A.B. asks: 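My questions will all concern the structure given below.
Owing to the predicted nature of the structure, the values given are computational and were not obtained by experimental measurement.
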2 protein chains.
Amino acid sequence: MELTTAEENYLKAIYHLSEEGKKSVATNDIAAEMKTKPASVSDMLRKLGEKEVIEYRKYYGLQITESGKRFALQTIRKHRLWEVFLVEKLNFAWDEVHEVAEQLEHIQSPLLIQRLDAYLNYPKFDPHGDPIPDEFGDVRARPRVQLNEMEIDQTGQIVAVKDSSAAFLRYLDKVGAYIGARIKVLDKVEFDGSLEILVDQKKTLFMSKDVSANILVQQS
Amino acid sequence: MELTTAEENYLKAIYHLSEEGKKSVATNDIAAEMKTKPASVSDMLRKLGEKEVIEYRKYYGLQITESGKRFALQTIRKHRLWEVFLVEKLNFAWDEVHEVAEQLEHIQSPLLIQRLDAYLNYPKFDPHGDPIPDEFGDVRARPRVQLNEMEIDQTGQIVAVKDSSAAFLRYLDKVGAYIGARIKVLDKVEFDGSLEILVDQKKTLFMSKDVSANILVQQS
DNA sequence: TTTTCAAATTAGTCTTGGCTAAAAATATGT
DNA sequence: ACATATTTTTAGCCAAGACTAATTTGAAAA
Ligand SMILES: [Mn+2]
Ligand SMILES: [Mn+2]
Ligand SMILES: [Mn+2]
Ligand SMILES: [Mn+2]
């Protein structure tokens with residue numbers, strides 16, 4: 001069984017939404033994520049239900065099936081491998097890769113992905129710190145917390161970002177908060193949740209809660 | 001103005017057909033090339049005419065416009081650059097690249113193609129010996145003749161193949177006729193047009209007219 | 001337990017790119 | 001010149017994937 005490009009995009013969105021929320025995914029949320037209207041989503045859910053990549057009972061909710069997860073993880077794997085390629089080999093900045101990867105992830109060729117993976121030396125994480133599923137869909141997730149949830153004096157390493165928008169990534173570039181940076185929480189303002197952090201034992205940085213909630217840290 | 005994937009594929013076929021035949025292109029020929037029905041072609045010709053990438057007078061014929069040529073050459077450029085990438089970097093065999101390149105050529109990202117070109121070191125020819133148009137659509141074509149049109153004792157170098165099907169390319173691999181090979185026509189049978197050629201001053205090869213008509217030689 | 005409201009689905013339409021069958025236009029043979 | 005054959009186009013249909021407007025449903029509030 002094969003999925004269309006549109007079906008792959010929907011399924012990927014559904015997978016991401018069900019991972020973060022843990023419970024059932026709302027039609028409106030999918031529409032927001034996909035930038036389509038709820039009516040279009042209903043239609044697609046029926047189709048995805050027929051293909052048995054989700055279990056769908058209308059007006060109630062949906063659950064992604066094991067088969068659906070495999071498809072979604074395959075697409076995510078391709079997306080992230082291409083992102084690595086663009087950054088490592090073609091010198092793209094990390095905020096320039098997403099839209100192109102969104103197209104490249106739909107190229108159908110198992111051989112291509114296998115060779116690309118080998119060519120990139122079997123990377124485990126994409127440029128935003130997200131783990132790359134292996135060919136069987138297995139993901140080695142690193143335990144991580146949002147930076148805004150850390151307490152004063154706690155330390156760790158930036159391992160990923162939640163928001164991959166170009167605007168956010170360019171901001172991080174500007175202030176020098178990159179993946180792999182070692183950080184320490186120096187101060188935390190209870191009033192607005194803003195933080196002062198030390199980066200690489202050299203530079204101190206002030207950051208709003210909005211920013212820090214989108215930075216993921218592996219604690220140490 | 002932007003073209004859909006289907007429009008790009010049709011326009012590329014029209015460009016190729018009008019290059020080889022030199023005269024106007026038949027609806028039936030486009031249908032054969034695209035593996036669609038003539039009725040579908042008529043419909044697409046109307047659309048391409050409206051977008052002014054061809055000049056179309058129904059029941060008469062069509063001519064590709066300057067704008068159409070630029071679009072076609074841009075797609076051809078992307079196709080051939082990806083083929084080089086697949087062979088040079090991902091170790092694809094030259095008979096494995098066409099279908100994947102047929103997909104990759106539709107990825108929309110000027111930056112991607114510019115970077116890919118640089119990464120591949122601005123190649124001038126694809127793995128089948130076909131010239132790669134530059135970013136302005138300029139092609140430096142090598143003068144070439146079909147091997148079956150050469151006479152006894154004439155010499156040259158294989159520079160390209162007309163048929164890029166996997167079956168044909170694998171046959172060439174097997175007999176050792178590769179791009180760049182120096183050849184000499186030893187004998188030519190008038191009855192069936194078959195040839196005996198000397199490859200790299202070592203190996204002699206018998207080849208039918210069907211095969212030799214698909215091998216392009218730069219004479220010397 | 002009703003009423004009310006927000007979320008979700010259905011109905012109907014559009015565009016793209018296919019198809020078959022029928023009609024029209026051109027080309028060919030006598 | 002006329003009949004026939006071939007090519008091309010049109011007409012009408014379908015599926016995918018979008019939309020708006022109308023309707024249905026489940027959940028929340030009164
Ligand atoms: Mn991404
Ligand atoms: Mn995508
Ligand atoms: Mn193509
Ligand atoms: Mn080629």
Side-chain angles (χ1 to χ4, degrees), chain A residues 1-14 17-18 21 23-64 68 71-72 75 99 102-103 105-108, chain B residues 1-15 17-18 21 23-64 68 71-72 75 102-103 105-108:
Chain A
M1 203 256 303
E2 50 189 17
L3 300 180
T4 65
T5 292
E7 287 169 340
E8 285 183 347
N9 284 332
Y10 271 98
L11 198 55
K12 195 157 59 90
I14 290 166
L17 289 169
S18 47
K23 35 185 172 278
S24 90
V25 182
T27 299
N28 274 341
D29 293 347
I30 300 171
E33 181 80 14
M34 297 292 299
K35 290 165 185 177
T36 58
K37 303 291 163 179
S40 310
V41 175
S42 285
D43 221 63
M44 182 55 86
L45 292 182
R46 191 182 42 71
K47 289 178 207 162
L48 293 176
E50 280 166 12
K51 293 201 169 183
E52 295 181 0
V53 290
I54 62 173
E55 206 190 298
Y56 174 53
R57 279 162 50 241
K58 57 188 187 183
Y59 289 111
Y60 279 83
L62 64 96
Q63 222 186 327
I64 191 162
F71 276 110
T75 306
E99 294 204 11
E102 203 55 53
Q103 298 178 60
E105 70 189 357
H106 305 292
I107 303 289
Q108 303 288 355
Chain B
M1 203 254 306
E2 51 189 14
L3 301 179
T4 66
T5 292
E7 288 169 339
E8 285 183 347
N9 283 332
Y10 271 98
L11 198 55
K12 195 157 59 88
I14 289 167
Y15 175 85
L17 288 169
S18 48
K23 37 185 171 272
S24 90
V25 182
T27 300
N28 274 341
D29 292 347
I30 300 171
E33 180 81 14
M34 297 293 299
K35 289 165 185 179
T36 58
K37 302 292 164 177
S40 309
V41 175
S42 284
D43 223 62
M44 182 56 86
L45 293 183
R46 192 184 40 73
K47 289 178 206 161
L48 294 177
E50 280 165 12
K51 293 201 169 183
E52 296 182 359
V53 291
I54 63 173
E55 206 191 299
Y56 174 52
R57 278 161 53 238
K58 58 189 187 185
Y59 288 112
Y60 277 83
L62 64 96
Q63 222 186 325
I64 192 163
F71 276 110
T75 306
E102 203 54 53
Q103 299 178 61
E105 70 188 357
H106 305 291
I107 303 289
Q108 303 288 355

A.B. asks: Once you round it to whole Å, what is the distance between C1' of C:dG17 and CG of B:L11?
C.D. replies: 16 Å

A.B. asks: Any side-chain heavy atom of B:I107 sitting closer than 4.5 Å to one from A:I107?
C.D. replies: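 Of all side-chain heavy-atom pairs linking A:I107 with B:I107, at least one is under 4.5 Å.
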
A.B. asks: Kindly say whether A:E2 contributes a backbone atom to a donor-acceptor pair with the side chain of A:K51 at under 3.5 angstrom?
C.D. replies: yes

A.B. asks: State whether the distance check finds a donor on one side and an acceptor on the other, under 3.5 Å, for side chain B:Y59 versus base D:dT7.
C.D. replies: no

A.B. asks: For C:dA8, take OP1 and OP2 only and decide whether either is under 4.0 Å from a side-chain N or O of A:N28.
C.D. replies: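 Yes, because at least one side-chain N or O of A:N28 sits under 4.0 Å from OP1 or OP2 of C:dA8.
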
A.B. asks: With rounding to the nearest 0.5 Å, note down the distance linking CD1 in A:I54 to CG in A:L45.
C.D. replies: 4.5 Å

A.B. asks: In whole Å, what is the span from the CG atom of B:L3 to the P atom of C:dT16?
C.D. replies: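 Checked: the CG to P distance equals 13 Å.
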
A.B. asks: Rounded to the Å, how far apart are A:D29 CG and C:dA7 C1'?
C.D. replies: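 One finds 11 Å between C1' of C:dA7 and CG of A:D29, rounded.
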
A.B. asks: When you check the gap from the basic side-chain N to the acidic O, do B:E102 and B:K12 get nearer than 4.0 Å?
C.D. replies: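 A salt bridge links B:E102 with B:K12.
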
A.B. asks: Considering just the side-chain nitrogens and oxygens of A:S42, establish if one lies under 4.0 Å of OP1 or OP2 belonging to C:dT10.
C.D. replies: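 No, A:S42 has no side-chain N/O under 4.0 Å of OP1/OP2 on C:dT10.
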
A.B. asks: Rounded to whole Å, how long is the line connecting atom CZ of B:R46 with atom C1' of D:dT8?
C.D. replies: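 Nearest whole value for this atom pair: 14 Å.
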
A.B. asks: Write down the distance between CG (B:L45) and C1' (C:dT16), rounded to a whole number of angstrom.
C.D. replies: 16 Å

A.B. asks: Rounded at 0.5 Å granularity, tell me how far NZ in B:K58 sits from CZ in B:R46.
C.D. replies: 9.5 Å

A.B. asks: Just so I know, are the side chains of B:V53 and B:M1 near enough to count as touching, which here means a heavy-atom distance under 4.5 Å?
C.D. replies: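 B:V53 vs B:M1: side chains touch.
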
A.B. asks: Does a side-chain N or O from B:Y60 land closer than 4.0 Å to OP1 or OP2 of D:dT9, or not?
C.D. replies: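 Checking B:Y60 against D:dT9: no side-chain N or O falls below 4.0 Å of OP1 or OP2.
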
A.B. asks: At under 4.0 Å between heavy atoms, which parts of nucleotides 12-22 of chain D does protein reach? Answer with one letter per nucleotide, 5' to 3': B base, S sugar-phosphate only, - none.
C.D. replies: ----SBSBBB-

